[in-house]
Protein chains: 2
Amino acid sequence: MPYPTLEDVAARAGVSRALVSLVMRGSPKVGEARRAAVLAAARELGYRPNAMARGLAAGRTGIVGVLLDDLGDPLAAGVHEGLAEGARDRELRLLLGTGRGEAAAARTALDELLDLRPDGLVLAGARLTSADLDRATASCPVVAILPPSRADRADTVRAEPGGPVHLAVEHLVALGHRRIAVVDAGRRPSPLRRVYRGALKAHGIDAPVLDLAALRAAAPPTPPGGAAGDTGRLPTTGPAPSEPPSAEPVSAELMGSELMGSELMGSEPVSAVVALGDPGGAAVLTTLLRAGRRVPQDVSVIAHGEAREADAVGVTTVAVPARELGRRAMAALLDRLDGGDPDRRPVRATVPPVLTNRGSTGPVRPAGTGATER
Amino acid sequence: MPYPTLEDVAARAGVSRALVSLVMRGSPKVGEARRAAVLAAARELGYRPNAMARGLAAGRTGIVGVLLDDLGDPLAAGVHEGLAEGARDRELRLLLGTGRGEAAAARTALDELLDLRPDGLVLAGARLTSADLDRATASCPVVAILPPSRADRADTVRAEPGGPVHLAVEHLVALGHRRIAVVDAGRRPSPLRRVYRGALKAHGIDAPVLDLAALRAAAPPTPPGGAAGDTGRLPTTGPAPSEPPSAEPVSAELMGSELMGSELMGSEPVSAVVALGDPGGAAVLTTLLRAGRRVPQDVSVIAHGEAREADAVGVTTVAVPARELGRRAMAALLDRLDGGDPDRRPVRATVPPVLTNRGSTGPVRPAGTGATER
DNA sequence: ATGAAAGCGCTAACAT
DNA sequence: ATGTTAGCGCTTTCAT
């Protein structure tokens with residue numbers, strides 16, 4: 001069952017190929033009667049124009065290639081929705097490729113997309129070298145969802161630099177928190193560790209940095225036999241509080257790197273935690289809950305990075321609004337596609353971060369008090 | 001910056017277009033010297049074959065279209081990886097489209113994929129009508145990751161029917177659980193509700209079904225002032241245990257539908273929960289932890305459906321192995337693409353489910369005992 | 001308003 | 001082993 005061609009439609013409608021072509025592209029200069037006949041013939045045959053032939057002949061393909069780093073990336077779905085929204089009622093088809101988290105695959109995927117001669121390209125967090133980015137930029141209009149440093153010739157859309165961090169820190173500080181820990185639950189140390197340390201230091205807060213294992217050690221699960229909610233203390237930057245020895249106040253990694261040279265702060269337990277590398281904060285939250293901590297009564301949790309589960313588990317997050325990122329990216333691309341001046345200087349768009357309060361943060365509990373209203 | 005063409009390469013290498021074409025396709029019947037010259041010219045020009053032109057001329061495009069329901073679908077990333085793995089060292093490019101969870105968008109995406117005249121199509125959970133599925137099947141080889149009923153002419157790959165359910169139920173029963181609740185945390189009632197009810201009934205277990213709100217009502221968060229881990233009881237199918245009135249034993253929805261006509265079972269609290277509609281079970285887990293329940297000491301949790309966060313939060317899951325699904329789907333497609341007989345009967349592959357024990361399930365606690373080892 | 005004709009960049013017979 | 005030639009299905013002048 002081969003696909004019907006323009007010619008088949010023309011034959012069936014009793015007109016020439018060119019006429020059918022005009023009708024298919026919605027040209028106004030076709031008589032009503034003919035147009036109806038052509039459309040009827042096309043429908044009867046189940047005709048759909050061959051995008052390959054069309055692209056070849058027209059010199060534009062109507063394709064916008066979208067290169068994602070990884071389908072599992074919590075940003076990916078949102079960005080894609082924003083792109084689709086931005087491209088609505090435009091004769092553009094979004095085609096996705098992904099590097100599946102690997103640089104080599106990203107490169108291949110980029111080439112495959114370029115081979116299709118897309119009208120434009122959106123590179124969303126893909127692990128590309130500058131050379132590859134340049135190659136893409138030289139081939140067609142490109143908007144990158146990345147810091148501009150990586151893609152100087154492409155339009156870029158990204159989070160306000162430091163925006164989410166600032167938002168998270170201000171939020172906690174406004175709630176009265178002064179003893180704040182950063183928990184990096186990622187597999188590899190996040191660059192955000194020192195950004196948060198710096199931002200907190202600006203408030204006179206010297207925040208310890210833990211990984212998930214260290215957090216678990218510091219706040220071990222409530223032992224099976226014991227009463228819940230009463231053992232374990234979050235580490236402090238000072239000497240260990242008078243606690244059972246099981247509660248390691250500071251992890252080796254903490255001592256080894258992040259805390260070197262920091263000022264000790266006393267023995268109060270941490271009242272708030274910033275979760276990195278754990279989009280949505282679910283892992284950090286459950287670790288704390290398992291340790292018998294009530295969130296947010298005993299400890300507030302805010303996660304850097306949005307994810308589906310943030311809503312499900314109720315963790316407050318600061319994040320870049322992914323949809324908005326996608327919308328802005330598509331807007332920049334359309335502007336470039338429609339726009340006159342192909343050599344105008346690159347767009348440098350910035351999107352403000354969003355704090356979504358899901359109740360995992362609350363005012364610091366006054367020292368010595370049993371409870372605090374949220 | 002136009003793309004260089006075959007002709008440009010030929011000119012630069014001082015040979016004919018056809019020779020370049022042969023070289024680009026790795027034909028063996030080209031002399032070493034010429035081949036090297038052509039390759040050098042191509043590299044210097046940054047030549048990449050135009051996939052559109054190639055597809056048009058060759059009658060095959062090398063494209064495998066992959067239609068996903070939704071990028072956020074926890075299965076999507078895994079399936080895609082499996083597909084990519086299955087297609088490795090084949091001259092095939094995977095191109096993704098998605099319906100973003102909407103039927104209309106899925107249809108559009110399918111059409112856009114078909115317009116590219118793909119060599120094959122993988123439909124992974126997209127919300128397509130049977131008519132659309134038939135249209136796809138009539139156009140090119142299709143493998144659907146769906147129950148065969150929906151796509152009788154396509155090859156299908158799917159989970160063993162009832163497999164994950166059986167696996168979950170057997171797991172809990174083997175651990176001694178008899179008081180089991182099903183919590184459906186999805187926005188819409190899952191069809192799995194009655195499947196689990198049925199499977200549990202086969203073991204003489206009459207399981208109540210709750211939604212997340214009902215679970216919260218039944219196991220309210222530990223009040224700020226109180227000691228953790230001691231209030232709230234999971235509902236039973238029998239009369240409410242002697243508990244504070246805040247603990248609603250059965251939700252209205254529970255009474256209204258799922259429990260109608262079920263046999264009451266007594267007053268023991270539930271010792272295990274199956275989480276539906278909450279891939280990875282994070283929402284159910286945190287709700288229980290917030291209520292002061294220890295998992296798995298007080299209550300075991302198993303989630304139906306794998307998700308990234310399952311690993312992060314430590315919830316045991318039963319799920320279809322997404323990668324394997326993808327691998328099998330690609331294998332079926334390749335078989336169809338290479339294979340001789342285009343009319344052989346459709347593949348009906350089935351993939352066994354996988355239980356990933358992450359420690360959220362444990363043996364039932366002997367009645368009246370304080371604790372149980374995991 | 002409609003038709004004729006020339007490609008778009010490539011592949012695949014077919015020559016040589 | 002290498003060059004020639006006819007399309008693939010469509011768009012797009014250009015005539016009419």
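Quick note on labels: first sequence line is chain A, next is B, and so on, each numbered from 1.
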(message) Over the length of the helix from C/dA1-D/dT16 to C/dT16-D/dA1, how much do the five-pair end axes diverge, rounded to 10 degrees?
(response) 40°
(request) List for me each residue that meets side-chain contact (heavy atoms from CB on, under 4.5 Å) alongside B/A105, sequence neighbours excluded, and say none if there are none. (result) B/R100, B/E102
(request) Figure out the CG/P separation between B/L19 and D/dT2, and round it to whole Å. (result) 6 Å
(message) Please report the distance, rounded to the nearest Å, between CG in B/L116 and P in D/dC10.
(response) 13 Å
(message) Among residues at least two apart in sequence or on other chains, which ones pass salt bridge (Lys or Arg N to Asp or Glu O under 4.0 Å) with A/E160?
(response) none
(message) Show me the pairs that pass salt bridge (charged side-chain N to carboxylate O under 4.0 Å, His left out) and involve residues 119-131 of chain A, at least two apart or across chains.
(response) A/D69-A/R127
(request) Heavy atoms under 4.0 Å is the rule here; annotate nucleotides 7-16 of chain C 5' to 3' with B where the base is hit, S where only the sugar-phosphate is, and - elsewhere. (result) BBBBBB----
(request) With sequence neighbours left out, write down each residue that passes salt bridge (Lys or Arg N to Asp or Glu O under 4.0 Å) with B/R60, or none if nothing qualifies. (result) none
(message) Under a 3.5 Å distance rule, please check whether A/D8 uses its side chain to pair with a backbone N or O of A/T5 as donor and acceptor.
(response) yes
(request) State which residues pass salt bridge (Lys or Arg N to Asp or Glu O under 4.0 Å) with A/R308; sequence neighbours excluded, sorted by chain then number. (result) B/D70
(request) Applying side-chain contact (heavy atoms from CB on, under 4.5 Å), name anything that partners A/L133, two or more places apart in sequence or on another chain. (result) A/L123, A/L128, A/L146, A/R150, A/A151
(message) Applying side-chain contact (heavy atoms from CB on, under 4.5 Å), can you list everything that pairs with B/R117, at least two apart in sequence or on another chain?
(response) A/Y3, A/N50, B/T61, B/D115
